[in-house]
Amino acid sequence: MTERQKHIRNFSIVAHIDHGKSTLADRLLEQTSTVEKREMEEQLLDSMELERERGITIKARAVRMLYRHTDGEEYTLNLIDTPGHVDFNYEVSRSLNACEGALLIVDSTQGVEAQTLANAYLAVDAGLEIIPVVNKIDLPSSDVERARNEVEDIIGIPAEGCPAVSAKTGQNIADVLCAVVEQIPAPDGDENAPLKALIFDSYYDSYLGVVVNVRIMDGKLKVGDRIRLMSTGSQFDVVEVGVMQPFGLQRTGELWAGEVGYFTASIKTLSDTQVGDTVTTAENGAEQPLPGFKKANPMVFSGIYPEDGAKYGDLRDALIKLQLNDAALSFEPETSIALGFGFRCGFLGLLHMEIIQERLEREFNLDIITTAPSVVYRIEKTDGSEVMIDNPSNYPSQQEIKTAFEPLVKASIITPVDYVGGIMELCQERRGIFDDMKYLEATRAELHYRLPLNEIIYDFFDALKSRSKGYASLDYELLGYYPSKLVKLDFLLNGDMVDALSFIVHEEKAYGRARRIAEKLKENIPRALFEIPIQAAIGGKVIARETVKAMRKDVLAKCYGGDITRKKKLLEKQKEGKKKMRRLGSVEVTPEAFMAVLKLDDE
Amino acid sequence: MSSDNKLGVYIHVPFCRSKCLYCDFYSLPSARAETVEAYVSAVCSHIGQMGERVGKRAVDTVFIGGGTPTILSAEQLGRVTDALSGSFNIEADAEFTVEANPATFDTDKLNALRGMGVNRISIGVQSAIGSELKLLGRTHTNLQVENAVDAVNRAGFDNFNLDIMYGIPDQTWVSFKDTLEFVKALAPTHVSVYGLQLEENTPLYDRRARYSFPTEDEEKEMNRLAMYVLEEAGYMRYEISNYARKGYECKHNLRYWRQREYVGVGAAAHSYLDGVRYRAPSSVDEYIDAVNRRDMSTLSLDSLRIEGEERASEYVMLRMRLRDGISAAEFERDIGGDFSEYEKRIKPFIRSGHIRMSDGRYAFTDEGFDVSNYILAQLI
């Protein structure tokens with residue numbers, strides 16, 4: 001280990017949601033004077049508005065702090081923040097692989113919770129030194145000893161004497177910094193070996209091109225190096241090398257084994273720099289890449305359409321801009337009879353999809369309509385050919401299908417034992433195949449199921465949370481394709497089929513879903529002057545029906561003392577409301593109708 | 001500018017003995033006598049100021065509404081009417097309406113009004129069912145209504161209106177029929193039939209969860225019932241919510257629907273004068289102060305010149321309330337624009353039977369009146 005490495009600590013913070021991860025990060029930045037108090041914005045690392053609002057971290061982010069320890073030496077602390085949702089588990093694992101240690105935050109008023117455990121295991125899997133940090137000791141209901149005991153009993157990590165802090169008030173934050181230096185191992189890695197740098201994040205900057213965040217595992221990286229990205233073989237010349245500051249980048253010209261930093265190399269597209277890939281030098285480079293690289297494949301697809309057809313170009317520009325910073329997002333143009341021109345978009349999961357939707361609406365001010373999410377199905381046709389279907393519109397007719405296959409995932413659910421019954425019921429409803437259950441300790445169990453992906457992309461995560469009072473956590477990985485009895489469910493409004501509402505569903509689920517969606521549609525179709533039948537059909541056979549009754553009465557009332565303006569405003573408002581409606585053939589529906597169809601409550 | 005250049009005058013009296021639970025119109029229950037007195041003085045000055053402004057322009061309708069105008073004393077009402085005749089060129093046969101509340105009806109005052117040139121009385125009956133009145137916060141009885149009508153007749157008024165309402169919680173088709181029969185028996189020249197509007201910031205709105213309101217279907221049937229009963233009795237539905245014997249249509253209200261001009265006097269009163277619509281401040285104190293300071297900008301809030309597209313779409317919105325609707329030729333004469341764009345929007349509703357076309361006029365059918373709001377939102 002070099003002198004340089006002895007003075008570096010690379011660590012991450014993992015926690016259950018709301019246990020104070022981002023607040024602790026803020027305090028560390030303050031305590032090390034990386035950020036002055038007056039510059040402090042709450043939850044600095046969560047810079048996306050959406051992240052602060054939802055209290056989740058979407059993008060990994062890193063920051064460097066300089067800390068003078070009690071031994072009088074100055075240390076470089078690299079904090080790598082991680083996303084906290086199953087959609088981004090792969091990104092989390094890459095971020096953790098860039099560290100030697102992790103702070104595991106436990107809320108002393110709540111104790112260890114499911115996510116604490118799931119995240120702790122991710123950190124254990126990555127071989128990290130884990131420092132428990134008991135938080136929220138300023139609250140009256142805080143019980144530090146109980147929290148420490150739970151950490152020891154449930155997770156099996158020594159917690160005696162671990163830091164007990166209040167991230168909110170800043171109490172005992174110095175203990176955390178001490179523990180980071182004293183307990184987390186300094187990085188190793190051979191400075192003289194060929195370069196191996198792990199990409200744990202990258203983003204697009206309009207001046208610099210792609211900025212790649214890396215942890216140097218071996219060797220060194222400096223300005224002017226010709227580098228090679230090992231998964232694609234593409235080569236670039238390094239333009240800039242440096243470290244991450246809270247408010248920007250600081251050039252250093254070089255990075256050595258053990259260090260965390262960034263480089264730019266006139267890279268134009270983000271997809272060239274995939275998270276988990278290994279960077280090496282073009283000449284005398286490493287022979288083997290770092291283990292664990294996976295290409296991010298979209299698992300969920302849906303159509304995104306502008307509410308106002310004239311905004312198609314704006315939507316395209318927005319998607320291009322989002323893709324610059326989100327290599328996992330894919331899209332291509334598609335056309336719907338009902339919705340006009342739009343895009344078929346691919347996402348890592350449902351949260352990823354929701355995030356993209358929200359960003360389109362907030363950051364780009366677009367009103368969009370999203371169709372029901374679909375997974376990718378594999379169809380063997382009777383003529384012997386095979387097609388992959390990510391859009392229900394392209395689903396072959398029943399006669400053309402020899403065998404349909406749907407993707408299955410291996411799901412692992414960790415839950416307090418009290419909720420096992422309800423969760424097993426949920427998995428059963430979602431066509432899950434039970435594999436096994438093991439007790440992690442007396443009060444906590446881990447369930448393994450094989451589940452069809454299309455059963456978990458809608459609202460499974462929400463249903464799981466509601467059946468476990470928020471305690472259960474979910475992780476899943478793709479197992480492969482398995483034969484299944486699938487049908488395409490269509491909806492007709494006033495006799496006309498609405499292609500954007502069609503989706504693919506398992507035969508057994510078709511009737512229930514059809515009925516519930518027909519009900520939802522009924523709620524979201526305003527009364528018109530005529531009666532509107534809503535029908536759900538499989539291949540022309542109607543399996544569910546609802547009717548929106550005709551409007552009976554809508555009269556402007558008294559006109560008090562010549563107040564025409566008020567009347568006019570009422571009508572204008574009504575007119576505006578009407579403008580927002582989507583016309584599907586002869587029927588108007590609220591733009592929310594599409595979303596309402598997706599958000600079927602767990603019943 | 002319309003061919004008829006005559007003016008209407010509306011005077012608002014924002015005082016009530018007690019406030020009705022559904023009312024979000026500006027009115028003050030139990031105002032102090034000094035406040036009322038100061039208000040009457042301000043109204044008289046304001047009348048004078050407006051009279052100077054409009055000069056010799058003929059006035060053919062006057063309407064004193066509220067609130068409860070008859071809360072003013074005969075002397076106060078007299079000062080107001082004196083100010084009116086002193087400042088405006090009121091035609092001899094002008095329609096002159098005063099609103100009255102049966103709960104606070106006073107025969108002497110009525111006779112005094114007759115002497116002041118008032119020739120039309122409008123009485124808020126709302127319902128003939130005690131429990132429904134109670135729910136609305138109305139304090140009168142049927143006997144009081146009968147006595148009031150009797151007094152109106154004896155005072156020599158040959159023109160009076162009764163207001164009734166449907167859509168009251170717990171109201172039924174049968175109870176509404178009773179109200180209609182009660183009203184019909186009193187033989188008014190004019191009946192206004194309004195649907196109860198649940199307005200925010202009213203006690204009724206706040207309590208809405210406790211009540212069971214008639215359904216859309218039930219309301220429609222009640223509205224239809226009013227039409228059958230009243231048309232059968234010889235009243236004509238000349239406007240979406242107004243019925244009259246021939247020749248007794250309310251000229252003042254027609255003024256609103258025909259985009260003709262009016263001067264509003266009093267707190268919260270709206271005016272449409274020289275092509276501009278505006279309103280006075282709602283607060284009585286603010287109003288009095290503005291009049292005393294001759295502060296014209298405070299007295300003409302939210303000024304809006306009604307022209308171009310705005311004027312055209314309002315023309316359509318307002319005229320379509322009338323039984324005889326709109327003719328393209330009249331539109332082009334009055335507005336100066338092209339009606340064909342509206343005709344295009346009207347077409348589908350002719351096909352669906354909600355608007356009929358005859359003699360070059362487009363007008364709502366009875367089916368159309370039921371859903372006029374919905375349709376108008378698509379026409380304008």
Side-chain angles (χ1 to χ4, degrees), chain A residues 307-309 493-496 519 521-534 546-593, chain B residues 8 10-12 24-26 63 65-66 163 167 192 194-197 215-221 223 240-241 252-253 255-257 259 262 264 266 268-272 277 279 302 304 306 310 313-314 317-318 321 348-349 352-354 367 369-380:
Chain A
E307 238 176 54
D308 172 0
L493 300 182
N494 206 26
D496 300 325
E519 282 164 13
L521 282 171
K522 185 182 173 184
E523 287 165 23
N524 280 281
I525 296 176
R527 288 179 166 209
L529 296 177
F530 49 90
E531 191 177 278
I532 302 165
I534 300 164
E546 288 283 343
T547 305
V548 179
K549 285 209 287 178
M551 170 182 298
R552 303 278 282 157
K553 185 186 157 289
D554 185 12
V555 187
L556 277 179
K558 189 167 179 161
C559 181
Y560 284 115
D563 188 357
I564 308 291
T565 307
R566 175 164 164 171
K567 261 193 175 14
K568 186 78 188 299
K569 276 188 186 152
L570 276 172
L571 275 188
E572 297 280 358
K573 209 171 138 191
Q574 202 162 342
K575 187 178 161 187
E576 280 309 305
K578 202 150 172 68
K579 263 197 204 155
K580 289 210 177 112
M581 297 292 168
R582 264 283 160 169
R583 198 158 187 92
L584 301 177
S586 53
V587 177
E588 283 174 329
V589 303
T590 62
E592 291 81 32
Chain B
Y10 175 79
I11 295 176
H12 188 61
D24 78 331
F25 202 33
Y26 183 73
F63 197 107
D163 274 354
S192 293
Y194 296 121
L196 171 65
Q197 298 282 303
T215 63
E216 211 177 282
D217 282 343
E218 287 167 338
E219 283 203 16
K220 176 187 164 156
E221 289 311 319
N223 198 15
I240 194 160
S241 48
H252 188 80
N253 269 331
R255 173 176 296 290
Y256 296 145
W257 316 136
Q259 263 184 345
Y262 45 94
H270 291 251
S271 301
Y272 178 36
R277 198 164 56 221
R279 65 175 182 90
D302 301 340
L304 180 69
I306 308 299
E310 180 95 29
S313 66
E314 284 192 7
M317 164 183 109
L318 297 168
R321 294 180 64 104
F349 299 106
S352 65
H354 293 92
E367 296 289 338
F369 269 147
D370 287 337
V371 289
S372 56
N373 227 7
Y374 178 86
I375 295 174
L376 285 173
Q378 294 176 64
L379 296 187
I380 64 168

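In what follows, every chain begins at residue 1, and chains take the letters A, B, ... in the order their sequences are listed.
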task: Would you please test B:Met317 and A:Ile564 for side-chain contact (heavy atoms from CB on, under 4.5 Å) and show each step?
output: CA-CA 10 Å; B:Met317 164 183 109; A:Ile564 308 291; 3.7 Å; yes
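- We find that B:Glu216 and A:Arg527 are joined by a salt bridge, their nearest charged nitrogen and carboxylate oxygen being less than 4.0 Å apart.
- Using a 4.5 Å cut-off between heavy atoms, B:Gln378 touches chain A through its side chain atoms alone.
- Within the 4.5 angstrom heavy-atom criterion, only side-chain atoms of A:Lys549, from C-beta onward, approach chain B.
- Under the 4.0 Å criterion applied to side-chain N and carboxylate O atoms, B:Glu221 and A:Arg552 are assigned as salt-bridge partners.
- Scanning for salt bridge (charged side-chain N to carboxylate O under 4.0 Å, His left out) contacts around A:Lys575 gives an empty result, with sequence neighbours left out.
- Looking at B:Leu304, there are no atoms closer than 4.5 Å to chain A (heavy atoms on both sides), in backbone or side chain.
- By number of non-hydrogen pairs under 4.5 angstrom with chain A, the leading residue of B:Arg255, B:Glu310, B:Lys220, B:Glu314 is B:Lys220.
- Note that CG of B:Asn223 is 6.5 Å distant from NZ of A:Lys553, once rounded to the nearest 0.5 Å.
- Counting heavy atoms from C-beta outward, B:Asn373 and A:Leu570 have side chains that stay 4.5 Å or more apart.
- B:Arg279 has its side chain out of reach of A:Arg566: every pair of non-hydrogen atoms, C-beta onward, lies at least 4.5 Å apart.
- With a 4.5 angstrom heavy-atom cutoff, B:Phe369 touches chain A only via backbone atoms.
- Both the backbone and the side chain of A:Lys568 have a heavy atom closer than 4.5 Å to some heavy atom of chain B.
- Atom OG1 of A:Thr565 sits about 6.5 Å away from atom CD1 of B:Ile306, to the nearest 0.5 Å.
- At a 4.5 Å heavy-atom cutoff, B:His252 makes no contact with chain A through either its backbone or its side chain.
- Note that CD of A:Glu572 and CD1 of B:Ile380 are 4.5 Å apart. Values are rounded to the nearest 0.5 Å.
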